[in-house]
Amino acid sequence: MQRLKLKPMLSPTLQRSLCSHVPFLFCLKINSFSSSSSSSSLQCSPWTGLQTWRESPLNENRFWGPKGPKPQPLQSQPSSLNSDDSPMVSSASSLAELGALVLSTSDPLAKSKLSHLAFSRWRLENLPIGSCEPPPRPARPLKPQLVSPKEIPAPKNSGLPLNAYMLHNLAHVELNAIDLAWDTVVRFSPFSETLGEGFFADFAHVADDESRHFAWCSQRLAELGFNYGDMPAHNLLWRECEKSSENVAARLAVIPLVQEARGLDAGPRLVQKLVGFGDLRTSDIVARIADEEVAHVAVGVHWFVDVCQKMDCAPSSAFKDLLKEYNVELRGPFNYSARDEAGIPRDWYDLPTNDQDKNKKKDKTEKLTEVYDRLASIISMESENSSLNRP
Ligand SMILES: *[C@@H]1O[C@H](CO)[C@@H](O)[C@H](O)[C@H]1NC(C)=O
Ligand SMILES: CC(=O)N[C@H]1CO[C@H](CO)[C@@H](O)[C@@H]1O
């Protein structure tokens, strides 16, 4: 196993000056990190596919054909992107402006398509990162109605068969993920000199992947006779994003390293449920999506370590301190092999046995936390007997 030793990159003086110039980047108690950084080392192998993913050509396989992903057939191009949108994309002159445009688009399919156009334009035309203010919250369609997690109907009361119910949930996660990634690009664009262009390239690429995933989910929902918006959804993913909008390290910890990593745990079980239900086409789509999410967790690990290096702090303790400060609780059961593959060191999230026992006791008595709540719908699907929900 490769052993990466973290070397302090910045002197304490430089670090302090960085802190005063870019306060929100490093607003945590740097001293508590530095005290542990001398002994810090990161025991993990980064995801082996990261470089290949970064160098991969634009992915045009936004349609799910009879045998898997393929380019959109001309006759079934979504009509929701009206011709007025494209001039806006072509007049934007930076990645940040393009991202803000995606965030301000409410129609889900248009958002998905614009997201791909934005990433493509940036890649092909070598546009600058630029700098732009993101909208306070991303534009969303009137439907689905956004409700609290407790008000999300159980599958049997949702009016959707279990496969469509699961797919609707996933579509909602993917639509949120498009906005989460673009918000990260746009919100932190004023700090591109500090963060480096690679940061923005990676998160715009993540947004492009998520937009393709949403397109597959939406297409499959339509094949099953449903639409995104046919049942209520919750707004928790965006709330986590909002909470961490002042601090790039927190954003990385909360979104790719907690939320998306949770997808690595839940994804394979979702696939099994769909296979059990007998919908192999949907299970293939979900399996492919779950597979592609590894890249996004790996990107999170990479940039979290990078930011910690700039702060001269130990990623493991920084990660734990951030979760504490932002009141985010880690939930198992973890899929260790998937997390290992994505390159998340176990000592970031795996608590010693004593703590785990304590947590198990807490689990029974305490209310679900927000991060858990956002996955509560997926978890509740897992505990439902799928046979009861067959149409
Ligand atoms: C863990 O994830 C891998 C994919 O990385 C999957 O093959 C495996 O079945 C998962 N294990 C469980 C228990 O879900
Ligand atoms: C029909 C069926 O699969 N029933 C299962 C429902 O789930 C309980 C446990 O939650 C099992 O014991 C049943 O066998």
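Ligands are counted one by one from 1 in listed order, and the atoms in each one are counted from 1 as well. What you see is a predicted model, and the numbers here were worked out from it, not measured in a lab. Here, residue 1 is the first one in the sequence, and each next residue gets the next number.
Between His168 and Met231, the closest heavy-atom pair is CE1-O, 3.3 Å.
Between Tyr228 and His172, the angle of the ring planes stays under 30°, which puts this pair in the parallel group of the 30/60° scheme.
Considering only residues two or more places apart in sequence or on other chains, Phe304 meets the ring-ring contact (aromatic ring centres under 6.0 Å, His included) condition with Phe319, Trp348.
Under 4.0 Å is where a charged nitrogen must lie from a carboxylate oxygen, and between Asp183 and Arg251 at least one such pair does.
For His302 and Trp47, the ring centers sit 6.0 Å or farther from each other.
Distance alone, capped at 3.5 Å, places no donor-acceptor pair between the Ser218 side chain and the Phe214 backbone.
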Could you give the N/O to N/O pairs under 3.5 Å linking ligand 1 and the protein, each with its distance?
unit_1: ligand 1; atom_1: 2 (O); unit_2: Asn335; atom_2: OD1; d: 3.4
unit_1: ligand 1; atom_1: 2 (O); unit_2: Asn335; atom_2: ND2; d: 2.3
unit_1: ligand 1; atom_1: 11 (N); unit_2: Asn335; atom_2: ND2; d: 3.0

